[in-house]
Amino acid sequence: MAKAKRGLGKGLGAFFGEEVVQEVVKEQTGESLENPEREIEKDQIQKSDIEEESGEIFVKISKIEPNREQPRKDFKEEQLQELADSIRQYGVLQPLLVQKKGDLYEIIAGERRWRAAKLAGVKEIPVVIREYGKQQAMEIALIENVQREDLNPIEEAVAYQRLMQEFHLKQEEIAERVSKNRSTITNSMRLLNLVPEVQQMLMEGLITSGHARALLAIQDEDNQLKLAEKIVQNHLSVREVEKAVKAIGKEPKEKKKEKEDEALELIFKNLEDRMKMVVGTKVNISRKDRSKGKIEIEYYSEAELERIVELIETIG
């Protein structure tokens with residue numbers, strides 16, 4: 001019994017269509033699907049490897065391999081198993097986007113479906129074949145994953161970084177391609193400034209992107225990691241982390257101020273002692289800042305006051 005025609009979904013559905021299938025078969029066989037009487041020769045295309053069915057191309061799953069340039073590296077086993085259960089019941093509802101690579105087919109978009117199909121024991125899988133350059137293939141893989149929110153924050157940031165470094169795209173160009181604001185791209189890439197251990201925590205979902213952005217304010221790597229570990233241990237909220245970051249930021253300034261105050265105290269104590277030696281009585285210097293203040297000279301009798309005044313008059 002023929003299988004029902006499958007829906008293409010949204011997002012990268014624009015890449016799939018009947019005209020693509022027509023082009024692929026025509027390219028490989030020299031004939032259009034519109035001429036079904038023409039028999040396909042075995043040396044041109046093996047029916048056991050690729051089968052045209054209801055407007056789709058089916059390829060043996062063993063003939064498909066993942067793309068090493070795929071931005072997504074983390075595939076959660078539980079989610080794959082859920083998709084595999086769905087595939088056992090309904091089949092693969094959206095074909096993979098692939099390109100020819102020797103005798104195999106390299107995945108451009110749809111690796112998660114491919115992995116789940118393998119778990120489900122599927123022997124053949126629907127595909128659409130296209131030819132792309134390295135940059136185009138990476139952009140499409142990135143767009144698909146971003147649209148589906150399949151990438152963790154670090155994988156997404158690394159993908160943006162590669163597009164900038166390898167293909168010299170500007171942030172504005174990347175933002176346009178993935179339909180996001182430029183500030184979103186900038187904030188995403190800033191996460192790569194986190195220490196590697198904290199990046200791993202973010203990838204594993206131990207901390208959120210909100211936690212991570214707050215941690216970026218901590219320049220000291222040891223302090224950054226310590227606070228990240230504290231987030232995990234104490235289940236701190238983003239607001240609590242922001243307060244902790246502010247407290248850490250104040251500590252160095254306060255210590256520096258304390259050292260400066262101690263140094264000034266010694267200087268003014270020395271000046272008080274020198275003036276005491278000159279006037280022969282207790283002297284107190286009160287300062288408002290580095291350049292302003294007042295001098296207090298104590299006297300204990302009229303005679304002592306007169307002596308101090310005469311002493312000051314001699315200074316001029």
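Hydrogens, waters and symmetry mates play no part in the numbers below; they use all other heavy atoms, side chains included. Since the structure is predicted, the reported quantities are computational estimates derived from the model, not experimental observations.
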> Taking it one step at a time, do Tyr160 and Leu169 satisfy side-chain contact (heavy atoms from CB on, under 4.5 Å)?
Replying inline: CA-CA 9 Å; Tyr160 295 148; Leu169 292 181; over 6 Å; no
> Ignoring hydrogens and geometry, is there a side-chain-to-backbone donor-acceptor pair from Glu173 to Lys170 under 3.5 Å?
Replying inline: yes
> So, for Arg130 and Leu97, which heavy atoms are closest and what is the spacing to 0.1 Å?
Replying inline: CG-CD1, 3.8 Å
> Under 4.5 Å between any side-chain heavy atoms of Tyr300 and Thr281, yes or no?
Replying inline: yes
> Are the side chain of His211 and the backbone N or O of Leu236 linked by a donor-acceptor pair below 3.5 Å?
Replying inline: yes
>> Checking the side chain of Glu296 only, and the main-chain atoms of Asn284 only, is there a donor and an acceptor separated by less than 3.5 Å?
In response: no
>> For Asp273 and Lys276: C-alpha separation, side-chain torsions, deciding distance, then whether salt bridge (charged side-chain N to carboxylate O under 4.0 Å, His left out) applies.
In response: CA-CA 5 Å; Asp273 291 341; Lys276 182 179 178 180; over 6 Å; no
> With hydrophobic residues grouped by side-chain heavy-atom distances under 4.5 Å, do Val238 and Val198 end up in a single group?
Replying inline: no
> Can you name the closest pair of heavy atoms from Ile207 and Ala228 and give their distance?
Replying inline: CG2-O, 4.3 Å
> Do Lys294 and Ile285 touch side chain to side chain, with heavy atoms closer than 4.5 Å?
Replying inline: no
>> Does Gln199 form a side-chain contact (heavy atoms from CB on, under 4.5 Å) with Leu192? I'd like the steps, not just the answer.
In response: CA-CA 7 Å; Gln199 289 187 33; Leu192 299 178; 4.1 Å; yes
>> If we ignore hydrogens and angles and just use 3.5 Å, is the side chain of Arg113 paired with the main-chain N or O of Pro95 as donor and acceptor?
In response: yes
> Roughly how far, to the nearest 0.5 Å, is the CG atom of Leu227 from the CG atom of Asn234?
Replying inline: 10.0 Å
> Just how far is it from atom CD1 of Ile107 to atom CH2 of Trp114, taken to the nearest 0.5 Å?
Replying inline: 5.5 Å
>> Quick check against the 3.5 Å criterion: does Lys118 have a side-chain atom that pairs as donor or acceptor with the backbone of Ala120?
In response: no
> Side-chain contact, heavy-atom cut-off 4.5 Å: Leu206 with Ile231?
Replying inline: no
> Is there a side-chain contact (heavy atoms from CB on, under 4.5 Å) between Gln200 and Met203 once you walk through the steps?
Replying inline: CA-CA 5 Å; Gln200 187 62 38; Met203 291 176 67; 4.0 Å; yes
> Does Glu124 reach the main-chain N or O of Lys60 with its side chain, forming a donor-acceptor pair under 3.5 Å?
Replying inline: no
> Does the side chain of Leu202 reach to within under 4.5 Å of the side chain of Asn152, using non-hydrogen atoms?
Replying inline: no
>> Determine whether a donor-acceptor pair (N or O, by modelled atom type, separation under 3.5 Å) exists between the side chain of Thr186 and the backbone of Arg182.
In response: yes
>> Distance check, rounded to the nearest 0.5 Å: Tyr105 atom OH versus Ile61 atom CD1?
In response: 14.5 Å
> What are the two closest non-hydrogen atoms of Ala116 and Ala84, and how far apart are they?
Replying inline: O-CB, 3.4 Å
> Can you find a heavy atom in the side chain of Asn223 that is under 4.5 Å from one in the side chain of Leu225?
Replying inline: no
> Side-chain heavy atoms under 4.5 angstrom apart, residues restricted to Ile, Leu, Val, Met, Phe, Trp, Tyr: same cluster for Ile248 and Val245?
Replying inline: yes
> Can you tell me how far CD of Glu272 sits from CD of Glu265, rounded to the nearest 0.5 angstrom?
Replying inline: 8.5 Å
> How long is the gap from CD1 on Ile57 to CD1 on Ile125, to the nearest 0.5 Å?
Replying inline: 14.0 Å
>> Whether the side chain of Asn187 engages the backbone of Ser183 through a donor-acceptor N/O pair (distance < 3.5 Å, no angle test) should be reported.
In response: yes
> Quick one: do Leu104 and Ile64 end up in the same hydrophobic cluster if we chain Ile, Leu, Val, Met, Phe, Trp and Tyr together by side-chain heavy atoms under 4.5 Å apart?
Replying inline: no
> Would a 4.5 Å heavy-atom cut-off, applied to side chains only, mark Asn181 and Ile185 as touching?
Replying inline: no
>> Would you say that Phe58 contacts Lys123 through its side chain, given a criterion of any heavy-atom pair below 4.5 Å between the two side chains?
In response: no
> Between CD of Glu111 and CD of Glu106, what distance do you get to the nearest 0.5 Å?
Replying inline: 10.0 Å
> Around atom CD of Glu176, are there more than 12 heavy atoms of other residues, nucleotides or ligands at under 6.0 Å?
Replying inline: no
>> Could you go through Arg307 and Glu310, starting from their C-alpha distance and side-chain angles, then the distance that decides it, and tell me whether this counts as salt bridge (charged side-chain N to carboxylate O under 4.0 Å, His left out)?
In response: CA-CA 5 Å; Arg307 179 185 65 79; Glu310 289 176 354; over 6 Å; no
>> Closer than 3.5 angstrom, by distance alone: can the side chain of Arg88 be matched with the main-chain N or O of Leu119 as a donor-acceptor pair?
In response: yes
> Can you name the nearest heavy-atom pair linking Ser188 to Pro153, along with the distance?
Replying inline: OG-O, 4.2 Å
> Just wondering, more than 12 heavy atoms not from Glu197 lying within 6.0 Å of its CD?
Replying inline: yes
> Run the side chain to side chain donor-acceptor pair (under 3.5 Å) check on Glu229 and Gln233 step by step: do they pass?
Replying inline: CA-CA 6 Å; Glu229 291 171 342; Gln233 293 168 1; 5.3 Å; no
> Within the distance-only criterion (no hydrogens, no angle test), does the side chain of Gln224 pair as donor or acceptor with the backbone N or O of Gln219 below 3.5 angstrom?
Replying inline: no
> Can you check whether Glu240 reaches Ser237 side chain to side chain, under 4.5 Å on heavy atoms?
Replying inline: yes
>> Take a 6.0 Å sphere around CD of Glu306 and say whether it holds more than 12 heavy atoms from other residues, nucleotides or ligands.
In response: no
> Only one of Ile108, Val127, Val128 clears side chain to side chain contact (heavy atoms under 4.5 Å, CB included) with Gln99; which?
Replying inline: Ile108
